[in-house]
Novice: 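One structure follows; several queries about it will come next.
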Amino acid sequence: MTAADSFRSFWVDSAPTSSYPALAADSDCDVVVIGAGIVGVTAAHRLSSEGARVTLLEARHIGAGATGYTTGKVSSLNGLVYARLAEDFGAETARVYGEANEAGLATIADLVAQHGIDCDFRRKPNFTYTESAGGRTALEREVEVARSIDLPAGLAEGAEELPFPIAAAVRFTDQAEFHALRYLQGLAAAAVSAGCTIHEQTRVVGVGRGKPCRVATEDGSVVRAGAVIVATHLPILDRGLFFARTHAERSYALLVRLTGDVPQGMYLSDESSAHSLRAVPTKGGERLLVGGESHKAGHGDPVARYEELERWTRERFEVEAIEHRWATQDHISHDLLPFVGRLWPFGASLLTATGFRKWGLAMGTSAAETLAELALGRKHAWADAFDPARLSLRHGLGSFVKENADVGARFVGDRVIKRRRQEELAPGEGTVVGAGLGQRAVYRDDSGALHSFSARCTHLGCILNFNSAERTWDCPCHGSRFDATDGGVVEGPAVRPLADADDPS
């Protein structure tokens, strides 16, 4: 595990590469959608199908963000969340959360069938399990609440498919798994057929207020629209302070060839951090996808996380080979509910969705439907429950304070910490050198050449950390990521590349 190329998503490697043209001139439309992940493509398809003139702008390529690096589970069973939601917000909010997830699952199934999308869509039961007798009480409570709000929940005493014992599991019937990237590409093609215009390699750097909205891109081109949907995972616009009301976590995945049968259900443990399991059909036969080892973005050693995930897997399964390794990033809201709606507090024409808590496929699909309705001037039944303007700090105050205190500590502390000298770097290694405003992010590539940039994140100026697996510079404050070779943005909320080391801007 020494080369960055060895950390590649199976979904990316097993799907065709999309090739929509970059935006080349100013244009006008009814709705601009920024970001071609599950939310953006679904919203673009829905709006185009309703006759709206839609332009979808993507900084890299379709599915380049979380959707191309997911586990591909489509489910309303999101760990143990319903009892907590019912306690914090009441049974009605828990019901809406479950209803939105189930509706997202149904919508994906319908779109797969309607457009004949080849994406290995398979109905499966989904389980959240515990290996300890002490975890059973929480599972029983989860089943009780889920049943009371009409979700397909039951308590399983064991799981014959798994080669290790479990004490109990929450079981949701008729859930699904699929190849999320191939699905997204098929849905994008359907959106184009409905009249949507897609531009890849087109990074948006700002959205001006006013009517119409002016969406500015990195190369200077502008798209004018009556409404804008910001579907960039975490909004690239700081209005609404979503970067302070969520935190970014990285999680890791392995695609494993087993010597025996692959369990065919979908599973998630109740551990902290949890481990995720599902079967994946490949040209070489069924494989096991194992996910887990989450941690806050920009913290810790990614290579060590992969090694720990492999150790966990080998303890429980007869492993023949590890065929793929990759990581993903998700944003967790402070109160467990996603933010879907107006990009508070600025007007009804600017909309967003974020904070899916690692369950963005079903919920992201329903969020896109909600945003499309709002963009068309209609109210959606789920809009109030997920309103970004909600004031719910009493439900997530501890998380909110902890995460933002950590950001403050990193912002100050990382400016004085002592690090390695660049002369000590071996090929493939990076470090921050210098102190204060002169800190530099230095990376030595496999040929021995050094690449040096300002170590300040271009979002809000936090000092970056080197990601030794993906070979990126990662922000420990809000999760932005940058390429170690050219300083380009890999993941937002940052929209500007790293400055050259000798450029103080």
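These values consider heavy atoms only, across backbone and side chains, with no hydrogens, waters or symmetry-generated copies.
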Novice: Within the structure provided, determine whether Trp312 and Val290 are in side-chain contact (heavy-atom separation under 4.5 Å).
Specialist: yes

Novice: Do Arg357 and Val81 come within less than 4.5 Å of each other through their side chains, counting heavy atoms only?
Specialist: yes

Novice: Can you list every pair that meets salt bridge (charged side-chain N to carboxylate O under 4.0 Å, His left out) and has a residue in residues 179-190, with sequence neighbours left out?
Specialist: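 For residues 179-190, and leaving out neighbouring residues, the salt bridge (charged side-chain N to carboxylate O under 4.0 Å, His left out) pairs sorted by first residue read Asp118-Arg182, Asp120-Arg182.
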
Novice: State which residue, out of Val74, Asp174, Asp110, fulfils the side chain to side chain contact (heavy atoms under 4.5 Å, CB included) condition with Leu105.
Specialist: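 Between Leu105 and the candidates, side chain to side chain contact (heavy atoms under 4.5 Å, CB included) is satisfied uniquely by Val74.
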
Novice: From Thr352 OG1 over to Leu343 CG, what is the distance, rounded to the nearest 0.5 angstrom?
Specialist: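 Separation between the atoms: 5.0 Å.
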
Novice: Regarding Lys358 and Ser276, is there a side-chain donor-to-acceptor distance under 3.5 Å anywhere?
Specialist: no

Novice: So, are Glu87 and Arg141 salt-bridged, with charged N and O less than 4.0 Å apart?
Specialist: no

Novice: Report the residue from His233, His478, His334 that forms a ring pair (Phe, Tyr, Trp, His ring centres under 6.0 Å) with Phe243.
Specialist: His478

Novice: Exactly one of Ile229, Leu56, Val207 should register a side chain to side chain contact (heavy atoms under 4.5 Å, CB included) with Ile34. Which one does?
Specialist: Val207

Novice: Can you tell me if Gln114 uses its side chain to pair, donor with acceptor, with the backbone of Val112 under 3.5 Å?
Specialist: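 Not confirmed, Gln114 side chain does not pair with Val112 backbone.
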
Novice: Using 0.5 Å steps for rounding, measure from the OG1 atom of Thr70 to the CD1 atom of Ile38.
Specialist: 9.0 Å

Novice: Please round to the nearest 0.5 Å and tell me the distance separating atom NE2 of His324 and atom CG of Asp13.
Specialist: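 Nearest 0.5 Å value for the NE2-CG distance: 4.0 Å.
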
Novice: Is there side-chain contact between Thr67 and Trp11, with at least one heavy-atom pair below 4.5 Å?
Specialist: no

Novice: Does any non-hydrogen side-chain atom of Met266 lie less than 4.5 Å from one of Leu77?
Specialist: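 Not in contact.
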
Novice: Please round to the nearest 0.5 Å and tell me the distance separating atom NE2 of His247 and atom CG of Leu234.
Specialist: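 Rounded to the nearest 0.5 Å, the NE2-CG separation comes to 12.0 Å.
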
Novice: Would you confirm whether Glu249, through its side chain, and Ser294, through its main-chain N or O, come within 3.5 Å as a donor-acceptor pair?
Specialist: no

Novice: Checking Asp270 against Thr128: is there a side-chain donor and acceptor pair closer than 3.5 Å?
Specialist: no

Novice: With a 4.5 Å cut-off on side-chain heavy atoms, are Arg250 and His299 touching?
Specialist: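 Sidechains of Arg250 and His299: no contact.
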
Novice: Search all heavy atoms of Ser75 against all heavy atoms of Asn101 and return the closest pair with its distance.
Specialist: O-OD1, 3.6 Å

Novice: Work out which heavy atom in Ala367 is nearest to a heavy atom in Ala353; give both atom names and the distance.
Specialist: CB-CB, 4.1 Å

Novice: Any luck finding a side-chain donor-acceptor pair between Glu99 and Trp382 under 3.5 Å?
Specialist: yes

Novice: Taking everything shown except Gln264 itself, do over 12 heavy atoms lie less than 6.0 Å from its CD?
Specialist: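 Yes - once you tally the heavy atoms of other residues, nucleotides and ligands closer than 6.0 Å, there are more than 12.
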
Novice: CG of Leu47 to CD of Glu369: how many Å apart, nearest 0.5 Å?
Specialist: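 Nearest 0.5 Å value for the CG-CD distance: 9.0 Å.
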
Novice: Do Tyr97 and Leu336 have side chains that get closer than 4.5 Å, going by heavy atoms?
Specialist: no

Novice: Output yes when Glu157 and Arg136 qualify as a salt bridge under the 4.0 Å nitrogen-oxygen rule, no when they do not.
Specialist: yes

Novice: Take the angle between the ring planes of Tyr82 and Phe172 and call it parallel below 30°, perpendicular above 60°, tilted in between.
Specialist: parallel

Novice: Please determine if Asp384 and Lys379 form a salt bridge, counting it only when a charged side-chain N lies under 4.0 Å from a carboxylate O.
Specialist: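 Result for this pair is yes, salt bridge flagged.
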
Novice: Under the 3.5 angstrom rule, does the side chain of Glu142 hit a backbone N or O of Val170 as a donor-acceptor pair?
Specialist: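 Judged by distance alone, no pair lies under 3.5 Å.
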
Novice: Any ion pair linking Glu286 and Arg122 (charged N to carboxylate O, less than 4.0 Å)?
Specialist: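 A salt bridge is present here (some side-chain N lies under 4.0 Å from a carboxylate O).
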
Novice: Kindly confirm or rule out an SG-SG distance below 2.5 Å between Cys457 and Cys477.
Specialist: no

Novice: Examine distances only and state if a side-chain atom of Ser48 and a backbone atom of Val54 form a donor-acceptor pair shorter than 3.5 Å.
Specialist: no

Novice: State, with a plain yes or no, whether a side-chain heavy atom of Val256 is found less than 4.5 Å away from one of Phe317.
Specialist: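 No. Closest side-chain heavy atoms not under 4.5 Å.
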
Novice: Can you tell me if CG on Asp238 sees more than 12 non-hydrogen neighbours from other groups inside 6.0 Å?
Specialist: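 For Asp238, atom CG is crowded (more than 12 foreign heavy atoms under 6.0 Å).
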
Novice: At what distance, to the nearest 0.5 angstrom, does CG of Asp88 lie from OG1 of Thr93?
Specialist: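 That separation rounds to 10.0 Å.
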
Novice: With side chain to side chain contact (heavy atoms under 4.5 Å, CB included) as the test, pick out the partner of Gln175 among Lys73, Arg123, Glu102, Lys124.
Specialist: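 Checked Lys73, Arg123, Glu102, Lys124 against Gln175; only one passes side chain to side chain contact (heavy atoms under 4.5 Å, CB included): Glu102.
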
Novice: Anything under 30° is parallel, anything over 60° is perpendicular, the rest tilted; go ahead and classify Phe178 against Phe121.
Specialist: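 Ring orientation of Phe178 relative to Phe121: perpendicular.
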
Novice: Sort out for me which residue in Glu307, Arg305, Glu310, His295 forms a side chain to side chain donor-acceptor pair (under 3.5 Å) with Tyr252.
Specialist: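 Output: one option passes, namely His295.
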
Novice: Taking atom types as modelled and ignoring hydrogens, do the side chains of Thr472 and Glu470 form a donor-acceptor contact shorter than 3.5 angstrom?
Specialist: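 Looking only at side-chain atoms, Glu470 and Thr472 do not form any donor-acceptor pair under 3.5 Å.
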
Novice: Check for a donor-acceptor pair, side chain of Arg342 on one end and backbone N or O of Ala389 on the other, with a separation under 3.5 Å.
Specialist: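 Answer holds: no.
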
Novice: Measure the acute angle between the ring planes of Tyr267 and Phe127, then classify it against the limits of 30° and 60° as parallel, tilted or perpendicular.
Specialist: parallel

Novice: With a 4.5 Å heavy-atom cut-off, do Tyr306 and Leu254 have their side chains touching?
Specialist: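 Answer yes - side chains close enough.
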
